[in-house]
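Scope of the values below: all heavy atoms of this structure, side chains included, with no hydrogens, waters or symmetry mates. Letters go in sequence order (proteins before strands), and every chain restarts at 1.
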Amino acid sequence: MKEYNFREIESYWQSYWSENNSVQYNLESNNKKFYNLCMYPYPSGDLHMGHVRNYTYGDLITRYKLLNGFNVLSPMGWDSFGLPAENAAIKTGIHPKEFTEQRINKMKNQIIKLGSLYEWDREVAVHTPEYYKWTQYIFIKFFESGLAYKKDAPVNWCDSCKTVLANEQVIEGLCDRCDSEVIQKNLNQWFLNISKYGDELLDGLNDIGDWPENVKAMQQNWIGKSVGAEFSLNIVDTELKFDVYTTRPDTLYGMTFAVLSPEHEIINQILEISYSKEEILSYQKSAKQKSEFERLSSSKEKTGVDTGLKVINPINQKEVPLWIADYVLNNYGTGAIMAVPAHDQRDFEFAKKYNIEIIQVISDEKNQKNVEEKAFVDEGVIINSNEFNNLKSHQEASKKIVEYLESSNLGSQKTVFRLRDWLISRQRYWGCPIPVINCKKCGLVSEKIENLPVVLPDIKDYKNSDESPLAKSVDFVNVKCPNCNSDALRETDTMDTFVDSSWYFLRFVDPDNKSIPFSSEKVSALLPVDQYIGGVEHAILHLLYSRFFVKALRDIGMLKIDEPFLNLFSQGMINFGGSKMSKSRGNVIDPEAYFESHGADSLRLFILFMAPPTDRVEWNVGGIEGTKRFLNKFWENMDALEKIFEDVIGVNEIDLVRNMNQTINSVTQHIEKFEFNTAVSDLMIFNNKLSDYLKTETILSKKSKEFIVDSICKLLFPLAPHISSEVYNKFFEKDLIKQNWPITDMDNLIDPTYELVVQINGKKKVYKRNKRRFKSR
RNA sequence: GCCCGGGUGGCGGAAUCGGUAGACGCGACGGACUUAAAAUCCGUUAUUCGAAAGGAUGUGGGGGUUCGAGUCCCCCCUCGGGCACCA
């Protein structure tokens with residue numbers, strides 16, 4: 001059999017679509033809009049299978065929606081700031097801009113070869129001044145409204161590379177580049193106040209649209225809302241007091257000690273009065289030297305130091321010892337806790353180790369639980385708590401005790417989030433400069449809008465020293481204060497690249513706007529994104545940051561929507577040899593080779609066919625042969641149909657037409673439900689039936705022939721657009737992309753015969769083919 | 001520890017409402033074509049007993065509901081992912 005010439009066909013249609021602007025959002029159209037978006041890539045230079053999977057799904061949706069008459073917006077851009085370009089620059093001296101743009105060109109070419117349709121006139125790349133000007137604009141608006149602020153914060157620092165590292169760059173406590181140990185260092189850093197939106201980000205998940213449950217669960221988990229109580233503990237014989245937060249106010253009578261985190265501010269005052277000054281100082285020092293990793297993971301053996309001081313339990317005036325221990329984190333709650341060893345496992349271990357009293361205040365109904373081996377954390381009944389005895393814990397007793405604290409002005413109910421403010425400053429070159437100036441007189445002053453963008457200066461050495469690479473450019477750093485015109489210094493940090501990606505989907509609706517980042521009207525017309533498709537690895541960071549950005553931009557009046565993404569689809573990863581494909585593992589399967597050897601249509605079909613889209617899959621080297629065979633067979637069938645003798649309708653023809661109709665019904669439903677693997681198999685089944693027909697029959701009516709070619713090309717179009725466009729054009733001399741999706745004939749779905757099955761005790765015993773007596777619908 | 005998903009042939013996976021388990025594809029085996037190979041075409045392919053007809057078993061394990069369970073309920077095992085000293 002001769003193979004169809006996929007190379008020629010694919011390249012022809014790719015040029016055709018591009019020259020005819022086959023996907024273009026039409027402002028004037030009355031058709032319903034559909035904003036279809038794939039997560040834009042970091043331009044690594046090589047398209048990998050993860051991209052192929054992502055863009056195949058995205059393109060399928062674009063084409064399906066086009067045939068269904070939607071006014072589709074399908075843009076693409078580049079997440080083009082980031083470390084790899086900077087590392088390459090350090091190594092080879094090539095400017096990150098040049099390095100990045102070469103890679104963008106290469107990758108864009110590969111995306112086109114996949115046959116993915118994008119409206120390239122809307123392309124954005126975040127590293128261009130035309131884009132980052134508006135990232136800076138938004139930053140300034142955030143700064144002016146208090147959403148961006150600067151404060152001292154502990155960061156991951158590699159003393160060998162002389163740089164701050166992102167959490168993702170710290171691998172088991174070591175620098176991912178030089179393997180030296182990462183330490184905690186206090187630096188003055190920029191933050192965005194995302195925690196202000198904790199409640200809204202959490203509540204928004206309830207009615208957001210169609211999002212995968214696991215992604216919603218991950219975000220809920222990350223936001224980590226908990227409701228408890230906050231109250232003060234007074235230190236005996238002093239004026240000193242501090243706040244503690246607990247989710248278990250019902251256990252208040254069981255408090256037998258209190259703990260401060262080693263970084264707690266009040267320790268400075270404690271040092272003046274404690275007999276254990278030396279021990280405290282040395283404990284603080286050792287806690288500081290531990291890396292975050294070590295501190296959180298070090299075999300969970302708890303350590304601490306006794307201050308020798310006592311605090312008073314506000315509910316019963318009992319005096320209990322005050323300790324300092326690093327199992328209490330300074331940046332959660334109040335950085336201090338009441339410790340109830342009887343009912344908290346961590347407190348229990350600490351109490352056992354240091355021989356601290358344990359008082360049980362909850363038991364089960366028969367009072368048979370004890371706390372000798374471990375803490376009792378389950379629901380139960382209050383004991384040893386005076387007037388609160390016999391109340392049910394946790395809910396009822398907590399409520400009563402909080403009411404008591406509130407009525408006696410001792411404390412109050414309090415909501416705490418795990419979500420922390422977002423540290424966005426990076427001591428890096430290849431990122432968006434922070435548009436702020438430090439003036440000795442005026443303090444932190446934002447750059448004037450008319451002076452934007454603050455352009456990344458050219459420097460010779462991209463390597464960090466003790467400060468950011470941008471500090472090396474004298475011209476960049478030394479400026480006049482926009483306020484008072486006195487000598488001032490520019491910020492030398494750049495922004496986390498997640499800032500760039502938190503609003504790119506907004507720029508796509510208005511990419512050429514020269515006066516503002518985007519028009520609010522256009523955003524309202526096109527957003528939320530109707531279908532967002534991307535990898536599950538962005539379940540928390542990117543998707544949460546973008547949601548935060550939209551809410552923050554709404555609150556400062558720049559747009560009028562609440563959520564950026566209506567429906568989210570997370571595709572599974574593609575592994576090979578049991579692990580994630582990566583250059584360092586040497587297990588990368590290059591999609592480009594398949595464009596040459598099997599064609600983009602075969603690759604797309606195989607990706608669609610291999611597994612349900614949400615599943616993680618193992619790359620199967622031979623599997624693509626199956627979809628290639630299918631396309632060859634399809635091509636051959638179409639060829640045979642073209643030559644078949646046209647005549648009156650025969651009996652088998654009626655069956656074939658019904659099969660086609662059933663296939664229309666089934667493929668449509670599977671695509672709607674994102675069950676692309678079974679959509680492909682439906683088409684394979686019909687193609688096999690068509691082969692059988694053509695082998696045994698010699699005639700077919702013109703009407704049926706045209707119905708079959710028309711329908712099957714349309715059904716195949718979103719999945720394998722090149723071959724279907726070619727066949728359609730050969731038969732009808734029309735552009736398939738401008739046609740309408742086929743409609744199922746509901747009257748011709750059901751086979752007039754059926755198999756009667758008789759089961760006895762659930763086992764099939766008799767089956768027989770019968771004619772249906774009534775036409776059912 | 002907590003929160004999400006999963007577990008079906010040699011493999012990837014199908015199976016709207018509880019109603020013929022294993023669609024479709026890969027691989028394997030047998031055959032045709034060929035000097036030969038590749039490609040292509042035809043056939044077989046859950047396990048097991050049987051020459052065959054046919055029978056028995058079978059969706060991680062155990063129980064239950066039902067005329068009937070991959071599907072519903074309870075318990076357990078196990079794999080993957082996320083979070084994790086979060087008070």
Side-chain angles (χ1 to χ4, degrees), chain A residues 1-3 212-226 228-230 244-249 251 255 258-259 261 295-303 325-340 343-347 349-350 375 377 416-420 536-537 539-540 570 572-573 575 605-606 609-612 614-630 632-633 636 665-666 669-670 673 675 677-688 691 695 754-768:
Chain A
M1 186 193 79
K2 69 176 187 333
E3 210 174 57
E213 283 306 316
N214 63 332
V215 173
K216 287 204 258 185
M218 280 189 233
Q219 292 211 352
Q220 280 159 3
N221 213 327
W222 186 266
I223 295 166
K225 180 178 179 173
S226 72
E230 189 173 296
V244 295
Y245 170 76
T246 179
T247 52
R248 294 292 307 279
T251 62
M255 172 167 97
V259 187
S261 77
R295 190 164 149 184
L296 294 182
S297 68
S298 58
S299 72
K300 317 243 173 188
E301 171 76 21
K302 289 175 181 47
T303 59
D326 67 3
Y327 80 93
V328 173
L329 306 175
N330 199 42
N331 51 6
Y332 181 77
T334 57
I337 60 161
M338 69 165 195
V340 184
H343 305 291
D344 180 287
Q345 189 57 27
R346 293 152 303 180
D347 297 344
E349 285 163 23
F350 194 83
V377 296
V416 163
F417 293 92
R418 245 181 44 189
L419 181 67
R420 318 260 165 85
V536 71
E537 66 273 21
I540 300 172
S570 284
M573 293 216 304
N575 289 352
L605 275 178
F606 179 54
F609 184 60
M610 64 201 298
T614 45
D615 283 15
R616 162 185 298 251
V617 289
E618 178 71 18
W619 182 258
N620 170 331
V621 174
I624 192 171
E625 301 303 336
T627 51
K628 175 108 180 280
R629 277 175 208 150
F630 162 69
N632 276 330
K633 207 157 151 185
E636 215 179 36
N665 187 46
S666 180
Q669 286 184 24
H670 284 309
K673 290 194 262 179
E675 296 165 348
N677 52 331
T678 44
V680 176
S681 99
D682 285 338
L683 288 166
M684 286 174 166
I685 292 167
F686 182 76
N687 200 40
N688 291 342
S691 298
K695 262 177 228 154
Y754 70 101
E755 201 162 66
L756 177 77
V757 177
V758 178
Q759 288 187 15
I760 297 167
N761 288 331
K763 294 186 191 301
K764 68 181 171 189
K765 291 294 178 189
V766 184
Y767 35 99
K768 184 184 167 195

**OP:** Figure out the NZ/P separation between A/Lys216 and B/rC3, and round it to whole Å.
**Re:** 18 Å
Subject >> Residue-phosphate contact under 4.0 Å: A/Asn214 side-chain N/O, B/rG6 OP1/OP2 >> reply: no
Subject >> Pairwise C1' distance for B/rA28 and B/rG12, with rounding to whole Å >> reply: 15 Å
**OP:** Just jot down the side-chain contact (heavy atoms from CB on, under 4.5 Å) partners of A/Asn221, sequence neighbours excluded, or say none.
**Re:** A/Arg418
Subject >> Who pairs with B/rA56 - Watson-Crick or G-U, where each distance is under 3.5 Å >> reply: B/rU47
Original post:
Does OP1 or OP2 of B/rA84 have a side-chain N or O of A/Asn221 closer than 4.0 Å?
Top reply: no
**OP:** Please state how far atom CD1 in A/Ile624 lies from atom C1' in B/rG12, giving the value in whole angstrom units.
**Re:** 14 Å
Original post:
If we call it a pair only when both distances are under 3.5 Å in a Watson-Crick or G-U wobble match, what pairs with B/rG1?
Top reply: B/rC83
**OP:** Take atom CE of A/Met338 and atom P of B/rC85, then tell me their distance rounded to the nearest Å.
**Re:** 20 Å
Original post:
Looking only at side-chain N and O atoms, does A/Arg629 come under 4.0 Å of OP1 or OP2 in B/rC41?
Top reply: no
Subject >> Any A/Tyr327 side-chain N or O less than 4.0 Å from OP1/OP2 of B/rA87 >> reply: no
Subject >> Interface with RNA chain B, restricted to residues 679-686 of chain A and to heavy atoms under 4.0 Å >> reply: A/Ser681, A/Met684, A/Ile685
